[in-house]
Student: 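Dropping a structure here in structure tokens format, bear with me for questions.
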Amino acid sequence: MRLKGRRVLIVGVSKGLGYALAYFLLKEGASVVINSRNEEKLKEIKKSLESIGEITYVVGDVSTLEKAREVVEKAGNFTDLVVTVGGYIEDTVEDLKALDEMINNHIKIPLYVVHYSLSKLKEGSTIVLVSAIRGIYTAYPTQLSYAVGKAGLAKEVEILASELLSRGIRVVGIAPSFIDGDFVPDRDWKKLRKLGDFKAPPEDFARVIVWLLTEEAEWVNGVVIPVDGGARLKL
Ligand SMILES: NC(=O)c1ccc[n+]([C@@H]2O[C@H](COP(=O)([O-])OP(=O)(O)OC[C@H]3O[C@@H](n4cnc5c(N)ncnc54)[C@H](OP(=O)(O)O)[C@@H]3O)[C@@H](O)[C@H]2O)c1
């Protein structure tokens, strides 16, 4: 158990990455607070994982500074933070229909959440943000606002890490390729993909975040790690 005594807040939990992450964190001995706007989903996840360890939830939207403050306050104390808020809308410069939402979800929300979490995080804490391969490597021409948002988020990792060096707080990120489907506890997920596939089950991405939160990764800071099984090499 590599995370005994840690309490991790996961903001923006889906049935894919967020659920898998909560599962692996509990398995490592951490307690977990999960957040999203959908109480039914959070209840379901809590019910399926509560036999492994301590899991609580906070229902709430983090799309404005004020709302993010409420969620972070309700979460109580935590030692580490992971923001997995997503949202994927395609657009082009012809229509710009996703611009506001993608900039809000991928650039503003992580900053809102980190801003209010700073009063809880201490020396030795870690913040993990989730970019995307399409933000740091080649994007489709129809991914304008999404890729710009995820590229900005990758830059946030570097700048926040630099700012928080003096507090002893690490900021790191992952850039997933394609997170395929919902998480299913205790299955043999490795059978579902092979090295180099662009799509992989949530387990493959969640386990890297868990590692980033452990003491084993304490010398990794201010970088976004591509987590894609090497699929970007074929793009
Ligand atoms: N899926 C992929 O293939 C892929 C690829 C590359 C990167 N990523 C990134 O990896 C992360 C996880 O991916 P995912 O597919 O699990 O993401 P997702 O389902 O798009 O988003 C995660 C969850 O965030 C919650 N959320 C959205 N807006 C919110 C808000 N304002 N306040 C609180 N919660 C909010 C949603 O839950 P509620 O609706 O219940 O609030 C949603 O289920 C995301 O950052 C995503 O952009 C995903």
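As a basis for the values below, the full set of heavy atoms in this structure was taken, side chains included, without hydrogen atoms, waters or symmetry mates. Since the model is a prediction, treat every value here as computed from it, not as a measurement. Numbering of ligands and ligand atoms starts at 1, following listing order.
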Student: I'd like to check which ligand 1 atoms, numbered from 1 as shown, lie under 4.0 Å from a non-hydrogen atom of Val85.
Tutor: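 Matching atoms, with element in brackets: 24 (O), 27 (C), 28 (N), 29 (C), 44 (C), 45 (O).
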Student: Can you find a protein heavy atom closer to atom 20 (O) of ligand 1 than 4.0 Å?
Tutor: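 When distances to the protein are checked, atom 20 (O) of ligand 1 has a heavy atom within 4.0 Å.
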Student: Please confirm whether Lys199 makes a cation-pi placement over Phe178, using NZ or CZ under 6.0 Å from the six-membered ring centre and within 45° of the ring normal.
Tutor: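 Judged by the rule, Lys199 and Phe178 form a cation-pi pair.
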Student: Here's a test for you: under side chain to side chain contact (heavy atoms under 4.5 Å, CB included), which of Val224, Val83, Ile174 qualifies with Leu129?
Tutor: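 Filter result, single survivor: Val83.
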Student: To which of Lys150, Glu39, Lys67 does the heavy atom nearest atom 46 (C) of ligand 1 belong?
Tutor: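 Among Lys150, Glu39, Lys67, the closest heavy atom to atom 46 (C) of ligand 1 comes from Lys150.
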Student: Kindly determine whether Lys120 and Val72 satisfy side-chain contact (heavy atoms from CB on, under 4.5 Å), including the steps that lead there.
Tutor: CA-CA 9 Å; Lys120 317 234 177 182; Val72 171; 4.1 Å; yes
Student: Going by heavy atoms, is Phe183 under 4.0 Å from ligand 1?
Tutor: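 Heavy atoms of Phe183 never come under 4.0 Å of ligand 1.
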Student: Going by the order shown, which atoms of ligand 1 are within less than 4.0 Å of some heavy atom of Ala132?
Tutor: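 So the atoms of ligand 1 that pass are 6 (C), 7 (C).
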Student: Which ligand 1 atoms are under 4.0 Å away from a heavy-atom of Asp61?
Tutor: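 With Asp61 as reference, the close atoms of ligand 1 come out as 30 (C), 31 (N), 32 (N).
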Student: Under 3.5 Å, is there a donor on one side chain and an acceptor on the other for Arg170 and Thr126?
Tutor: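 Distance-only check passes for Arg170 and Thr126.
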Student: Any nitrogen or oxygen of Ser14, side chain or backbone, less than 3.5 Å from one on ligand 1?
Tutor: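 Yes, at least one N or O pair falls under 3.5 Å.
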Student: Any N or O of Gly86 that comes nearer than 3.5 Å to an N or O of ligand 1?
Tutor: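 So ligand 1 has an N or O lying under 3.5 Å from an N or O of Gly86.
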Student: What is the closest protein heavy atom to atom 7 (C) of ligand 1, and at what distance does it sit?
Tutor: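 Nearest neighbour among protein heavy atoms for atom 7 (C) of ligand 1, to 0.1 Å: Ser131 O, 3.3 Å.
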Student: Are Gly60 and ligand 1 in contact, using a heavy-atom cut-off of under 4.0 Å?
Tutor: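 Contact present.
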Student: Short list, please: which atoms of ligand 1 are under 4.0 Å from a heavy atom of Thr84?
Tutor: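 Counting from 1, the qualifying ligand atoms are 11 (C), 12 (C), 21 (O), 22 (C), 44 (C), 45 (O).
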Student: Is Val13 in contact with ligand 1, taking contact as a heavy-atom separation below 4.0 Å?
Tutor: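 Under 4.0 Å: yes for Val13.
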Student: Charged N to carboxylate O under 4.0 angstrom, Glu203 versus Arg207?
Tutor: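 Judged by the 4.0 Å cut-off on N to carboxylate O distance, Glu203 and Arg207 do not form a salt bridge.
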Student: Would you find a donor on one side and an acceptor on the other, under 3.5 Å apart, between the side chain of Asn104 and the backbone of Ser63?
Tutor: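 Checked: pair present.
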Student: Flag the pair Asp91 and Lys97 as a salt bridge only when some basic side-chain nitrogen lies within less than 4.0 angstrom of an acidic carboxylate oxygen.
Tutor: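 The answer is no: the pair does not qualify as a salt bridge.
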Student: Nearest protein heavy-atom contact for atom 9 (C) of ligand 1: which residue, which atom, what distance?
Tutor: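 For atom 9 (C) of ligand 1, the nearest protein heavy atom is Val130 CG1, 3.6 Å.
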Student: May I ask you to check whether Ile179 has an N/O atom sitting below 3.5 Å from an N/O atom of ligand 1?
Tutor: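 Yes, there is a polar N/O contact under 3.5 Å.
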Student: Could you check whether Glu44 pairs with Lys15 (Lys NZ or Arg NE/NH1/NH2 to Asp/Glu carboxylate O, under 4.0 Å)?
Tutor: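 Salt bridge between Glu44 and Lys15, a charged N being under 4.0 Å from a carboxylate O: yes.
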Student: If we set the cut-off at 4.0 Å for heavy atoms, which region of Arg134 has an atom near ligand 1: side chain, backbone, both, or neither?
Tutor: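 Neither; no heavy atom under 4.0 Å.
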Student: When you check the gap from the basic side-chain N to the acidic O, do Asp197 and Arg193 get nearer than 4.0 Å?
Tutor: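 No salt bridge links Asp197 with Arg193.
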Student: Under 4.0 Å from a heavy atom of Asn38: give me the atoms of ligand 1 that qualify, with their elements.
Tutor: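 Numbered from 1, ligand 1 contributes 40 (O).
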Student: Does only the side chain of Ser177 get under 4.0 Å from ligand 1, or the backbone, or both, or neither? Count heavy atoms.
Tutor: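 Contact part for Ser177 vs ligand 1: backbone (N, CA, C, O).
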Student: Counting non-hydrogen protein atoms only, what is the nearest one to atom 43 (O) of ligand 1? Give residue, atom name and distance.
Tutor: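 The closest heavy atom on the protein side is Lys41 NZ, 3.1 Å.
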Student: Is it true that the side chains of Arg134 and Tyr146 contain a donor and an acceptor less than 3.5 Å apart?
Tutor: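 Distance-only check fails for Arg134 and Tyr146.
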Student: Using a heavy-atom cut-off of under 4.0 Å, does the side chain or the backbone of Phe198 touch ligand 1, or both, or neither?
Tutor: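 Within the 4.0 Å criterion, Phe198 makes no contact with ligand 1.
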Student: Using 30° and 60° as the class boundaries, would you call the ring planes of Phe183 and Tyr19 parallel, tilted or perpendicular?
Tutor: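 Answer is perpendicular, since the angle exceeds 60°.
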Student: Mark yes when over 12 heavy atoms from residues, nucleotides or ligands other than Lys155 sit less than 6.0 Å from its NZ; otherwise mark no.
Tutor: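 Not buried by this count: 12 neighbours or fewer within 6.0 Å.
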Student: Thinking salt bridges, do Arg2 and Glu216 make one under a 4.0 Å N-O criterion?
Tutor: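 Result for this pair is yes, salt bridge flagged.
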Student: Tell me, with the steps shown, if Phe24 and Ile209 meet side-chain contact (heavy atoms from CB on, under 4.5 Å).
Tutor: CA-CA 10 Å; Phe24 285 114; Ile209 298 179; over 6 Å; no
Student: Do Ser36 and Asn38 get their side chains close enough for a donor-acceptor pair, meaning under 3.5 Å?
Tutor: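 Distance-only check fails for Ser36 and Asn38.
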Student: Provide the number and element of each atom of ligand 1 under 4.0 Å from a heavy atom of Gly87.
Tutor: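 Those of ligand 1 that fall under 4.0 Å from Gly87 are 20 (O).
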Student: For Asn35, counting its heavy atoms only, list the atoms of ligand 1 lying under 4.0 Å from any of them.
Tutor: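 Numbered from 1, ligand 1 contributes 33 (C).
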Student: What do you reckon, does Val62 have a nitrogen or oxygen under 3.5 Å from a nitrogen or oxygen of ligand 1?
Tutor: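 Yes: some nitrogen or oxygen of Val62 is under 3.5 Å from one in ligand 1.
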Student: Which residue holds the protein heavy atom closest to atom 23 (C) of ligand 1, what is that atom called, and what is the gap in Å?
Tutor: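 Result for atom 23 (C) of ligand 1: Gly12 O, 3.3 Å.
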Student: Give the atom numbers and elements of ligand 1 that come within less than 4.0 Å of a heavy atom of Phe178.
Tutor: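 So the atoms of ligand 1 that pass are 3 (O).
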Student: Can you tell me which portion of Pro202 lies within the under-4.0 Å heavy-atom range of ligand 1? Options are side chain, backbone, both, or neither.
Tutor: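 Looking at Pro202 and ligand 1, no heavy atom falls under 4.0 Å.
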Student: Considering Arg37, His106, Lys15, which one's heavy-atom position lies nearest to atom 28 (N) of ligand 1?
Tutor: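 Among Arg37, His106, Lys15, the closest heavy atom to atom 28 (N) of ligand 1 belongs to Arg37.
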Student: Output, in order, the C-alpha distance, side-chain angles, deciding distance and verdict of salt bridge (charged side-chain N to carboxylate O under 4.0 Å, His left out) for Lys67 and Glu70.
Tutor: CA-CA 5 Å; Lys67 289 174 177 171; Glu70 281 172 33; over 6 Å; no
Student: Considering only heavy atoms, does Asp180 approach ligand 1 within less than 4.0 Å through its side chain, its backbone, both, or neither?
Tutor: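 No part of Asp180 is near ligand 1 at this cut-off.
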